[in-house]
Amino acid sequence: QVQLVESGGGLVQPGGSLRLSCAASGSIFSRAVMGWYRQAPGKQRELVASITSGGITSYVDSVKGRFTISRDTAKNTVYLQMNSLKPEDTAVYYCSARDFVTYWGRGTQVTVSS
């Protein structure tokens with residue numbers, strides 16, 4: 001019954017910006033730790049950023065200072081603002097919601113290329 005729907009991916013040039021959105025069902029959003037993962041072909045899935053219900057955030061070192069995760073409780077939506085994008089950020093980005101189990105969205109492609 002839990003659904004996570006990502007949007008906002010696309011093609012951008014190095015140095016550009018994108019904002020990803022994840023619309024979540026209310027029941028899971030209210031209690032879950034929300035996160036963004038990414039996976040590039042031939043690479044392991046990587047946790048990029050997470051945010052707790054209390055607003056505590058965490059980031060992988062490679063995106064610190066460039067990416068910002070945030071939550072809009074009224075809209076049941078989590079965002080990932082991505083600035084100063086690099087080619088190595090290219091991946092499919094997945095929204096996740098962790099409660100007793102972890103739920104996943106279908107993913108949105110982010111491509112950073114000139």
Side-chain angles (χ1 to χ4, degrees):
Q1 78 286 10
V2 173
Q3 288 190 319
L4 304 173
V5 181
E6 303 99 331
S7 62
L11 173 65
V12 296
Q13 294 188 7
S17 297
L18 284 173
R19 188 179 73 162
L20 306 183
S21 299
C22 173
S25 59
S27 61
I28 190 66
F29 189 87
S30 65
R31 63 180 187 266
V33 176
M34 305 298 297
W36 287 97
Y37 286 76
R38 66 186 181 188
Q39 188 166 26
K43 298 182 180 179
Q44 295 293 315
R45 180 189 294 166
E46 174 184 47
L47 176 61
V48 177
S50 65
I51 185 167
T52 70
S53 60
I56 305 301
T57 60
S58 182
Y59 302 91
V60 68
D61 285 345
S62 61
V63 309
K64 287 180 179 178
R66 300 189 296 120
F67 290 11
T68 303
I69 188 170
S70 61
R71 294 166 57 248
D72 187 331
T73 303
K75 296 182 178 180
N76 289 342
T77 300
V78 62
Y79 304 95
L80 186 67
Q81 178 66 47
M82 305 185 294
N83 299 325
S84 302
L85 283 161
K86 304 175 180 179
E88 50 263 46
D89 296 318
T90 296
V92 177
Y93 284 70
Y94 297 92
C95 181
S96 72
R98 188 175 76 247
D99 189 10
F100 184 70
V101 299
T102 300
Y103 300 91
W104 299 93
R106 296 181 185 272
T108 185
Q109 177 71 46
V110 172
T111 302
V112 185
S113 177
S114 59

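The structure presented is a predicted model; accordingly, all values stated were derived computationally and were not measured.
- Residues Cys95 and Leu4 come closest through the heavy atom pair O-CD1, 3.7 Å.
- In the hydrophobic cluster analysis, where Ile, Leu, Val, Met, Phe, Trp and Tyr join through side-chain heavy atoms closer than 4.5 angstrom, Tyr94 is grouped apart from Val60.
- Taken from OG in Ser50 to CD1 in Ile56, the straight-line distance is 10.0 Å, to the nearest 0.5 Å.
- Note on ring orientation: taking the six-membered ring where Trp is involved, the planes of Phe67 and Tyr93 are tilted (angle from 30° to 60°).
- The local environment of CZ in Arg98 is sparse, with at most 12 non-hydrogen atoms from other residues, nucleotides or ligands closer than 6.0 Å.
- Taking the side chain as every heavy atom from C-beta outward, Met82 and Val48 never approach each other to under 4.5 Å.
- At a threshold of 4.5 Å between side-chain heavy atoms, the hydrophobic network of Ile, Leu, Val, Met, Phe, Trp and Tyr places Tyr37 and Met34 in two separate groups.
- With contacts defined as side-chain heavy-atom distances shorter than 4.5 Å, the pair Val110/Leu20 qualifies.
- Residues Val92 and Leu85 are members of separate hydrophobic clusters, defined by side-chain heavy-atom contacts under 4.5 angstrom among Ile, Leu, Val, Met, Phe, Trp and Tyr.
- The environment of Arg31 atom CZ is dense: over 12 non-hydrogen atoms of other residues, nucleotides or ligands sit within 6.0 angstrom.
- Taking every heavy atom of both residues into account, Ser62 and Glu46 meet most closely at OG-OE2, 4.3 Å.
- Gln39 places no side-chain N or O within donor-acceptor distance of the main-chain N or O of Ala91, the cut-off being under 3.5 Å.
- Within a 6.0 Å sphere centred on CD of Gln3, other residues, nucleotides and ligands contribute 12 heavy atoms or fewer.
- At least one donor-acceptor pair closer than 3.5 Å links the side chain of Tyr59 to the backbone N or O of Ile69.
- For the atom pair Ile28 CD1 and Asn76 CG, the distance stands at 11.0 Å (nearest 0.5 Å).
- Between the CZ atom of Arg19 and the OG atom of Ser7 there is a distance of 8.5 Å, given to the nearest 0.5 Å.
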- Query: Between Asp61 and Lys64, does a salt bridge (charged side-chain N to carboxylate O under 4.0 Å, His left out) hold up when you go through it step by step?
  - Reply: CA-CA 5 Å; Asp61 285 345; Lys64 287 180 179 178; 2.9 Å; yes
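- For the atom pair CG (Leu80) and OG1 (Thr108), the distance works out to 11.0 Å, reported to the nearest 0.5 Å.
- Side-chain contact between Tyr79 and Cys22: absent, with no pair of heavy atoms (C-beta onward) separated by less than 4.5 Å.
- Note: Thr90 OG1 to Gln109 CD = 7.5 Å, rounded to the nearest 0.5 Å.
- In this structure, Trp104 is not a member of the same hydrophobic cluster as Val33, with clusters built from ILVMFWY side-chain heavy atoms closer than 4.5 Å.
- Across all non-hydrogen atoms, the minimal contact from Pro14 to Ser114 is CD-N, 3.7 Å.
- Of the possible polar contacts, none joining the Thr77 side chain to the Ala23 backbone as a donor-acceptor pair under 3.5 Å is found.
- Rounded to the nearest 0.5 angstrom, Asp72 CG and Phe29 CZ are separated by 7.0 Å.
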